[in-house]
Structure formats: structure tokens, C-alpha cells
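Worksheet: one structure, shown below.
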Amino acid sequence: MYSQYQLADMYTINPATAAKGLNLLADEGILYKKRGLGMFVSSEAKEKILFKRKNQTLKRLVEEVVLEANRLQVSNEELLSMIKALQTKEGNQ
Amino acid sequence: MKIIECRDISKMYFRQKALEQLTFSIEENKITGLIGRNGAGKTTLLKLISGFIKPTAGEIKVFSEQPFNNLFVSANSILVDDSMSFPAALNLGDIMDAAAAFYSNWHQPLAEGLLDYFSLEKYKYHNRLSKGQTSTFNMIIGLASRCPLTLFDEPTIGMDAAVRKDFYRALLKDYLAFPRTIVLSSHHLEEIEHLLEDVLLIKNGQCLLHLPIYDVKEMMISVEGKLAIADQVLQEKEIIYEQSIGTNHVHRVLLREEASVEELQGAERMGLKIRPVNASDACVYLTDKGKGVIDDVFNKN
Amino acid sequence: MMSLIKTDLVKVLKMQYLFKFKANIDVFSSLIGIQLLAVLFSFGGFYHSTHGWGMVINLQQYSANIVICFTFIWALITAITITTKPYRHYDFTFVTNRLSSSLSNILFLLTVSVLGSITAMLSSNLIKFIVYMFLDDSIVLFKQPFFDFFTGMITTSLYTFLFCSIGYLVGAFIQYHKGFSVVIPVLFMGLLIFDGMTMNSTTITGFTEFYIKESNPFYFLLKTILMSSLVLTAAISIFNHLEVER
Amino acid sequence: MNVVTILISIIAVVIAIFLLSKRFKMTYSLLIIYIGALLISSIFIWFISIEDERERIKTDEMTNQFNETLRQGERERIDPLYLMKEETFQIDEDQELTLTSNYEWEVRVYVDRKNIDDGKVEASIYHIGPYVDGVYVTDSLAPYRLKKKEDTLGFYVPQDRTVKVTMGAPEFTVTQFKYGEVFSEDPIYANDPAIYLQVPKSLKIKRGEGVFIDYVK
């Protein structure tokens, strides 16, 4: 894994900010520290990230879609058919 | 180790207070953003740190020494601003040679590389540069000096967007290569917030907050929606900023610690838009002059 | 941790002196300009006429006295100039404290005094050369003993440095308060008029006579060095409290 | 003029070199040209200057000494340099001699009576100076004349002749210690001319216009 300094250089951010990010990932178990060697990606990292994105990011996006649909008075059937249409289009490509 | 320590410093210019009982300290090798509105006292503070001026009251220590009239502090610090003066007889190359003689950490390859990159020529004269070029050159001097304490006062005045971006990247890269204590003053935080570790916010010569940038980003939330709902949800909460949108919509900002996560989720379900407030806006809200918003001026008429 | 740079006054002084020499190099342009102007004025010569014993004797003498006097004025102005804000602030762009700034200024003024004096003394030969070539080739010229040139140069340098010192103090007063830029010339003219009216050499003329009437080189040296040190110490202590308003 | 041409062309070349090279700043070029010109003129002046063998004349002292020496009749002690003219006039016995002059002030006549009556008046004209800042310019002095007409011996100063002297002078910072004064007084000095007459023992002398008679003991 990149060090905080390499990350700072890559994204033009303060290394302290990069370190903070790395620590957050470590807290969640996505990264782990090896003393004197730096940060490493844990074996279950992919699962954890997928789980997090499914449960938090995707859920939140769906919530917003539903809220917006309510505001525009779009019926449930209409919304579902829109999603299905998009899915088939993506699948074809 | 603390590089700068200020305790209750005040500075008066004739009868006008520029700084009032300012207390803070800056740790070694951190990039600190000195943020404040025009006239908040940023320049005065930097001049005090450089030892150009004396505090009217209070104690200021830089490298554990009084900076005024101090050769040691002068040798280890540099203040870069748009009024840096250089002899008219010296061209840019000569000025760089002089800086190299004075600052023993001076890194000539960096200076020459930057000079070349920004298309400044060595035989040109400082007083014939454009405003942006002047800032660029001063910045090069500030970076290549590699002083343990480097102070930038509004370093990007006159620079175009591309040069500003290059400058920030150059600053960060050289900081990574050669860590040092940097204070960067600016009135627009959004442009520099990615570079900063800490933010020192001053208003009317007083220190409003001194926090890591991360905490400033997390500090506030904004709530937007129908006036009636907002009133109901935000009862008894301290509002930092409020702006009316139309007759029955409102935009309010409050500290994150004022509301719990459950309360916010509840508010969202009731149709309010909850958003985090970025560091730059947070600072604007904090340094508000207390005279309401600009709209009020127009609403009176 | 980054190591801090240790520094001492002597090292900084040396750097500042070299820096000042390059930064203020243009004072030599004005020196050349002012000396050449004085050389031009010197072609009038110093004229004496006497008659008697069956003859009218018209004596025309050529010397660099005007050049020397112009050099004094140049020294005064140069010293005042380097006390002004832009010049003082050059130091603060780089490494300095107020003492090192003043000391390096004084070293610089000492150097320009000596250089200005050497050129002023040598310009005497330029004047005589041009007179010989273009105005009057019957000019009687005597070889000047090297010792005379040397003492003349030292004396001129001491005078010039005295003017520099006074200029530096005047500059210090003006930097302390802008009002002095009016008060000092008025005071100077006032005292000169006072001397003229009372026909007494009490103030300015007295001060001048204190130096030009001294025929003992040792006392002269003592008088100029003591006065310069006194004046410069006063100037340094004024600058020591000035803030940098850049 | 050849030397001048060479010098000027040297200076021109130096100027051209420094002005054409871009690395040099204007002030540096000016300084080098100026100092070069000063040094070249100094060397040149050294070659055309003459050795300074002037003695600073103490004018008052010299005048007094001169007058005293003549009054004592010790004219052999006067520097022959200052003897302008010697002339002898025949004089009849028991003739009365009137002395006159057209000198604008009174000219001093020292009368020295010989021990015998040999019928001869031997006249010598002495004159110190004029010195122009220590330089003796008597060569330019028009000759004084003595003329005997019947029983009048007249001393005639010729019509004013203009003499122009151009000199290099030392600077006041040199003279301050060398001569003890910053600005010299009148640099032109001359004593009034004096006439020394050796007359026969019993010659009667009458004082005419423009003379002052001093009898030598």
C-alpha cells in the first residue's frame, strides 16, 4: 500500500490528511499495519468494501431516488420499470 | 516542539487595535492555514512572527526566542508577501544569488527549475515584472530558501488559476521532500484546504479557532427546506447562519454537535435537505461580521 | 527534525556588506555623474588678479576643490537615501536584525567615502589633463608628492565619512518622524542665517571652522572619528526601535 | 598630439568593450571607464609635470629682512637673483641731485655715501618677485629704467604689461595640513622695488616725488 507521503504527492493533499484516511481504513479493517513496514491491504478488504458500499452508499442512493420519485408523484410501478429498462440497457452493452 | 508560541499578544497601530489578546501555538513541520477576512490581522500577525514589528502587549516566541531584532529567528524564517522588496539594481539571478548567500538551506536547482518552469528569465528585473510574475518569483524565493519557518502572506495575489495550482503543488512537493513549518495566509480557504493540516481562524484580531482541517470540515451541517418544518425540527438549537429563500423556504447552518444523528435522520425524512458544510463555508459563517447577510442590505429598501 | 541554522553577527555582516555593495551599485553612477559635473564647473578655475610693478598678473588655478565639495553633498544624499524605507527593507527580505543592518550600512558608507575620495582626488589630474589638452597648454604643473596625495585622500575620506554620518543621522530622524524632513532643513538654514546676522561663527560656521581650521593631522583624525562615532551611535539607537512597515 | 590620439583611441576601445558585453552592468562599465580615464590622465599628468622645487615664501619675514639688509648696507648678502639692473652715472662736483619716480607708491632709495668724491653715482635696482604661488615670474617683468636728466635722477616703471599664469593647484584637503590653511591668502607676492645708490661723499641729495630716502649707516 502507498504511504501517506506517496498519497499526499499523488493527490496534492497534506500528508496528515492522507494519514487520517489510512487510519480510517485501518479502523475498518481494510488495511492493517505491520510495524516498520507500513500499511498492507487485508485479505478481506474487497468483501468489506463491497459490503460497505452496498449497505451504505447504494442504500443512500436508493433512498434519494425514492424520495425524489415521491416528490414527482411517480408511482412505484413506473419507478421499477425505469430501473429495469436501465438494467437491460446496461446489460446489452 | 512548538515553533511559534503566542500568549495574549496585542498590537495597536496608533489607537487602532490590530490584534487583541491572541493566544495560540504552532507545532513543528505543520502546514497551517491562517484564515481571516480582510483586516482581521493576518498580516500583522505574520509581521510579528517575523520580528518586523513588536507586540504592544503579550509574549511571542519563535524557536523559543523573541523574534523582534533577533538574528537567529531572521536566519531561520522568511516572510513571503507581495510587498517583499528587492534592490532595483539586481536582476532575478542576482537576487537568487543573494538569497543563496543568506539562507544556508537554499536549494539552487529548485529555484532554477521553478524559474525556468514559470518562464521567468534571470536577467529580468523584479520591478518590471507583472503582479502575477512578482508573486510567482517571491514564492520561488520562499520555497527555495527552505527556511525552517516559512510564512506566506496571500502568496497567490495576481497569479492566474494555472499558476496557483502549480504553486500549491510545488509547495506540497517541496514540503514532502523537505518538511518544515509553513504558515499560509489566505482569505479563500477552499483553494488551499487540501494542503493544510491545521486551520487558524482569526477575526477582529482574535483567535476564533485553531483546529485540524478535518475537524473544521466536520464541524457544521446545513439544513435547507420549508420554514415551518425547519422551525419545528431546529427548535432551541443555536443557528449560526440563516438565509431565507423565497417566502417559505429557509437555509440554516448549525454546529454538528447540536444535533444527534437520529434527529438529523428524522429531519431528512420530513423533507429537509441535510448537507455537510465544507471548511471554507464554515470559516465564512464563523467570521461573519454579525451584521446579517448581504441580502439584508437589499431587503431594507 | 529540521536543524536550525546557527548564525553570528560577523557572518551576517559580511554577507550583508557584499549584498549592499551589489544592491546599491547605482550610487556609483550618481557619484560619477556628480563628479563629472563638478569637473565641468572646475574648468572655470580659480581666478586671481593683481597689478603692480608694471604688470597685471592674472592667475588661473585649477584644482579639484569643487569636485571634493560635490562629493560631500553626494555623500550626504547617499547616506540619507540608504535610510529610506525601500533600502532598509531589502535587508529584512533576507537575514538581518537592526544592528547588523546599521553596521553593514556604515561599512558600506565607509567604503563609498574612501572610493569617492580617491576618485575626487584623482579627478584633479583629469581636470589638469583636459586644461592642458584643450584650454591652455602653458599650464604650470608640479609633481605632487605621493605623500601629499595620500594625506589628501585620507583627509577627504574623513570629511566625506563625516558627511555620511551626518546624513545617516538625519535619515534616522526622518524615518523616526516624517516631520524632521521639514524641521532639519529649516533649522539648518535658520542657524546659517543666525550666524550671518550675528557675524559670529557660533553654530554651523563654527562647526565648519572646527574642522577646516585644524592644521594638526592627528587632532583632525581624532575630531572626525569621534564626531562620526557619536553621530552614528545616535543613529543606530534610533533605528534599533523602528518597526518594519512593509 | 600623437599621444592624445593614442590615449583617446585606447579609451574608446575600452568603452566599446564594456558597453558591448551584456554581462556587464551599466554602472560597472561606467566605473571602469571613469577610473580608467582618471588613471590614464594621472599618468599623463605625471609625465608633463615638473619637479616641485618651490619654497613656500614667508612674505612678511622676507620683506623685513630685505629692507633691513639694505639699510645696513650689506647688499652683498642679497641674492643676486633679485638684482634687476646696475648702472653708473657721472656727476659734476657740487651738483645737487633730485630723486624722483613714477612708481604708484613711494619707492625706497637707500643712499650709501662713499668715502671719496669720485664723481660717480652707482645705482642698483633690487626687486623680490613677483612670485605667483611660489613661482618666480620676474622674467615677464618689463625692465625698470633709470634716467638722469640734468640734476634729476628718475626711476621709471614701464607701462603695465599683462601676464597670464595658469597653474595646477593642490586641493584644500592637502593644503590644510601642508600649509596650515585650507584657503591660501593672496597667492601673488612681490616686494616693492628698491634702489641702492652709492654716491660721492659730499653729494647733496634732494627728495623728489615718489621716493622715500633711507640713508645707510
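Order of the sequence lines fixes the chain letters, A, B, ..., with proteins taken first and strands second; residue numbering starts at 1 for each chain.
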Query raised in the report: Could you walk me through whether C:Leu99 and B:Asn69 pass the side-chain contact (heavy atoms from CB on, under 4.5 Å) check?
Result: CA-CA 8 Å; C:Leu99 181 67; B:Asn69 236 350; 5.8 Å; no
Query raised in the report: Stepwise, does the side-chain contact (heavy atoms from CB on, under 4.5 Å) test hold for C:Lys22 with B:Asp94?
Result: CA-CA 9 Å; C:Lys22 273 191 238 157; B:Asp94 296 332; 5.6 Å; no
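To the nearest 0.5 Å, atom CZ of residue B:Phe68 and atom CZ of residue C:Arg98 are 3.5 Å apart. Here the straight-line distance linking atom NZ of C:Lys85 with atom OG of B:Ser85 works out to 11.5 Å at 0.5 Å rounding. Atom CD of C:Glu243 is separated from atom OH of B:Tyr13 by 6.5 Å, given to the nearest 0.5 angstrom. Note that CG of C:Leu4 is 7.5 Å distant from CD of B:Glu28, once rounded to the nearest 0.5 Å.
With a 6.0 Å radius and a threshold of 12 heavy atoms from other residues, nucleotides or ligands, B:Arg7 has its CZ atom at or below the threshold. Within a 6.0 Å sphere centred on CZ of C:Phe43, other residues, nucleotides and ligands contribute more than 12 heavy atoms. The number of heavy-atom neighbours closer than 6.0 Å to CD of B:Gln16, taken from other residues, nucleotides and ligands shown, is 12 or below. More than 12 heavy atoms of other residues, nucleotides or ligands lie within 6.0 Å of CZ in C:Phe207, so this atom counts as buried by the packing criterion. More than 12 heavy-atom neighbours from other residues, nucleotides or ligands sit within 6.0 angstrom of NZ on B:Lys54.
Looking only at distances, no side-chain donor or acceptor of C:Thr93 sits under 3.5 Å from a matching main-chain atom of B:Met84. No donor-acceptor distance shorter than 3.5 angstrom exists from the side chain of C:Asn97 to the backbone of B:Asn70, with no hydrogens or angles considered.
Contact of the C:Phe19 side chain with the B:Pro87 side chain is registered, since non-hydrogen atoms from C-beta on lie closer than 4.5 Å. Between C:Val244 and B:Ile53 the shortest side-chain heavy-atom distance does not fall below 4.5 Å.
Residue with the most contacts toward chain B among C:Val12, C:Leu18, C:Asp8: C:Val12 (heavy-atom pairs, distance under 4.5 Å). Interface check for chain C: of the options B:Ala98, B:Ala89, B:Ser74, the most heavy-atom pairs under 4.5 Å are formed by B:Ser74. The candidate from B:Ala88, B:Ala99, B:Ser50, B:Ser77 with the greatest count of non-hydrogen atom pairs under 4.5 Å with chain C is B:Ala99. Options C:Thr7, C:Ile25, C:Asn24 differ in how many heavy-atom pairs under 4.5 Å they form with chain B, and the most are formed by C:Thr7. Listed options B:Ala75, B:Gly51, B:Ser104 were ranked by heavy-atom pairs under 4.5 angstrom with chain C; first place goes to B:Ala75.
For the residue pair B:Tyr103 and C:Val95, the shortest heavy atom distance occurs at CE2-CG2, 3.6 Å.
For B:Leu71, the parts lying near chain C are the backbone and the side chain together; criterion is any non-hydrogen pair under 4.5 Å.
The six-membered or imidazole ring of C:Tyr90 lies away from that of B:Phe86, with a centre-to-centre distance of 6.0 Å or more.
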